[in-house]
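Both counts, for ligands and for their atoms, begin at 1 and track the order of listing. These numbers come from a predicted model, not from an experiment.
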Amino acid sequence: MEVTDFLIVGGGIIGLTVAREIKRRFADAKVLLLEKERAVGLHASGRNSGVIHAGFYYSADSLKAKLTRTGNQAMLAYCESKKIPVNRCGKLVVAQNEEELPQLDELLRRGKANSVPLEEVSAEQARQIEPRARTFRRAIFSPTTCSADPVRVIGAMQKDARDEGIEVRMDAMYLRRRNDTVETSQGVVGAGHIINAAGLYADKVARDFGFSEHYRILPFKGLYLYSSEAPGALRTNIYPVPDLRNPFLGVHFTVRDDGRVKIGPTAIPALWREQYRSFDNFKFGEFAEVLFREAGLVLSSSFDFKKLALSEVQKYSRRRMIALASRLAAGVRAEHYTRWGQPGIRAQLLDIKKRKLEMDFVIEGDEKSTHLLNAVSPGWTCSIAFARHVVDQIAATVV
Ligand SMILES: Cc1cc2nc3c(=O)[nH]c(=O)nc-3n(C[C@H](O)[C@H](O)[C@H](O)COP(=O)(O)OP(=O)(O)OC[C@H]3O[C@@H](n4cnc5c(N)ncnc54)[C@H](O)[C@@H]3O)c2cc1C
């Protein structure tokens, strides 16, 4: 039987950054990473917006608040060291009416509490930053929000991991736990410590180890519409004021690393975990469970799931997406937005006892295993800082 000191399940940005951090701290340890696909980054880590967030949405007591500002700096430094282009375009959060102004103030308060630089700007100043921006009276400008290509980042991470002596094994699926070993599609592995970074399947893996008992992952699909305008059509990302009671940020404009613009992502409830297009990856058991959970939330939830689901489903319509984007910027023309981009799916954790969507990252585990649940946005931004945090915890239990 094959034996390793650390076994990581999942070759997304979280699995790779954790594997590298473990190898940095325990240089002599054998580190094996399993990825069920033919390549790393084929799920959320290669399908996200590519926004390196600043960290002002999250309440100060959260892990997200603690890790986003440092994660932002670490991701920027990583991109610089690998010569991966970064668009330091910043971001405007714009208001649509009087009722949204207190929410802007709350974001400013959170930014201050999280030591994130923010500028409160008038509508006139917002238009100096981005002439097409539409806002009611005032806006927030975040100078440290940037964008980069997540596919290039994860490609560089995979190369680094291999150069550092980590084995990254593709087409290798974690199947189940068998006593003190793990059964995989490529044989049985014994491991000193297992780190579960399985994204959309992290709750299932965790339950094999007695964790994630009152959590289930609910998949939410993020669709994007790509603009055909030339690079530079917008100078900065433009976001609406978010509803801070749910973890999604609303349809917004992202300026990509190459200067091109996309709108999205949506947060449409998906019907199974990897439902990217039509019947892709259909699994009846998942479909039945997701439908059961979603129907339950329609009947009763601590947030208004029915309202959220109804408003999100409308975003399958291109016209609806363009209408929402037009509230944020002038000159949005339907003929520029004819191409849907590659969708991504959020591995959003649902607390089935409290019937609420978990807002923060969740880490569970013991001296034998660690489970990284709810690694949702801004998990990509946070990944390097998050890995340090996770390995601090592991080091405290295994040494
Ligand atoms: C639409 C969308 C937009 C987003 N935008 C942003 C953004 O702009 N900025 C930001 O910071 N964050 C963003 N995020 C969040 C970010 O993408 C995630 O936080 C991050 O990618 C999570 O990484 P991960 O490694 O946990 O998950 P994943 O990338 O999903 O990786 C998990 C891996 O585990 C593998 N796996 C699953 N089960 C098994 C198994 N049984 N055996 C072996 N392997 C397995 C999967 O194949 C997958 O490769 C966005 C997410 C989405 C979906």
Mutual orientation of the aromatic rings belonging to W272 and F287 [parallel < 30°, tilted 30-60°, perpendicular > 60°]
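Perpendicular.
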Between Y57 and Y239, how do the two ring planes meet: parallel, tilted or perpendicular, split at 30° and 60°?
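The rings of Y57 and Y239 sit tilted, inter-plane angle from 30° to 60°.
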Considering only heavy atoms, does [X] approach ligand 1 within less than 4.0 Å through its side chain, its backbone, both, or neither?
| X | value |
| --- | --- |
| E37 | side chain |
| C382 | neither |
| P343 | neither |
| V376 | backbone |
| Y201 | side chain |
| I345 | backbone |

Can you tell me if T135 uses its side chain to pair, donor with acceptor, with the backbone of R138 under 3.5 Å?
yes
Would you confirm whether T236, through its side chain, and G90, through its main-chain N or O, come within 3.5 Å as a donor-acceptor pair?
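Pair found, side chain donor or acceptor close to backbone of G90.
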Indicate yes or no: at least one non-hydrogen side-chain atom of F220 is less than 4.5 angstrom from one of F248.
yes
Could you check if a side-chain atom of L350 sits within less than 4.5 angstrom of a side-chain atom of L297, using non-hydrogen atoms only?
yes
So, [X] versus [Y], ring centres under 6.0 angstrom or not?
| X | Y | answer |
| --- | --- | --- |
| Y276 | H43 | yes |
| F6 | F26 | yes |
| F361 | F386 | yes |

Nearest neighbour in protein (non-hydrogen) for [atom]:
| atom | answer |
| --- | --- |
| atom 13 (C) of ligand 1 | S377 OG, 3.4 Å |
| atom 42 (N) of ligand 1 | Y174 N, 2.9 Å |
| atom 36 (N) of ligand 1 | K36 CE, 3.8 Å |
| atom 5 (N) of ligand 1 | S49 N, 3.2 Å |
| atom 34 (O) of ligand 1 | G10 CA, 3.2 Å |
| atom 25 (O) of ligand 1 | I14 N, 3.1 Å |
| atom 32 (C) of ligand 1 | A197 O, 3.5 Å |

Could you list the atoms of ligand 1 found under 4.0 angstrom from a heavy atom of [X]?
| X | result |
| --- | --- |
| A375 | 18 (C), 19 (O), 20 (C), 22 (C), 26 (O) |
| G50 | 8 (O) |
| Y224 | 1 (C), 2 (C), 3 (C) |
| R346 | 53 (C) |
| H53 | 7 (C), 8 (O), 9 (N), 10 (C), 11 (O) |

Check for me whether A202 has a heavy atom closer than 4.0 Å to any atom of ligand 1.
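Flag not set, A202 not near ligand 1.
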Quick check on L42 - does any of its heavy atoms sit under 4.0 Å from an atom of ligand 1?
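No heavy atom of L42 comes that close to ligand 1.
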Under 4.0 Å between a Lys/Arg side-chain N and an Asp/Glu carboxylate O for D160 and K82?
yes
Taking the basic N atoms (NZ, or NE/NH1/NH2) and the acidic carboxylate oxygens, is any pair closer than 4.0 Å for R355 and D351?
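Looking at D351 together with R355, the answer is no, because their closest N to O distance does not fall below 4.0 Å.
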So is E274 polar-close to ligand 1, meaning N/O to N/O under 3.5 Å?
no
Mind checking whether I13 has an N or O less than 3.5 Å away from an N or O of ligand 1?
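It does: an N or O of I13 is found under 3.5 Å from an N or O of ligand 1.
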Nearest neighbour of [atom] from the list [options], on a heavy-atom basis:
| atom | options | result |
| --- | --- | --- |
| atom 47 (O) of ligand 1 | R176, M75, E35 | E35 |
| atom 23 (O) of ligand 1 | G12, A39, S45 | S45 |
| atom 8 (O) of ligand 1 | N48, V18, V51 | V51 |

Minimum heavy-atom separation for P219 to E294, with atom names?
O-OE2, 4.5 Å
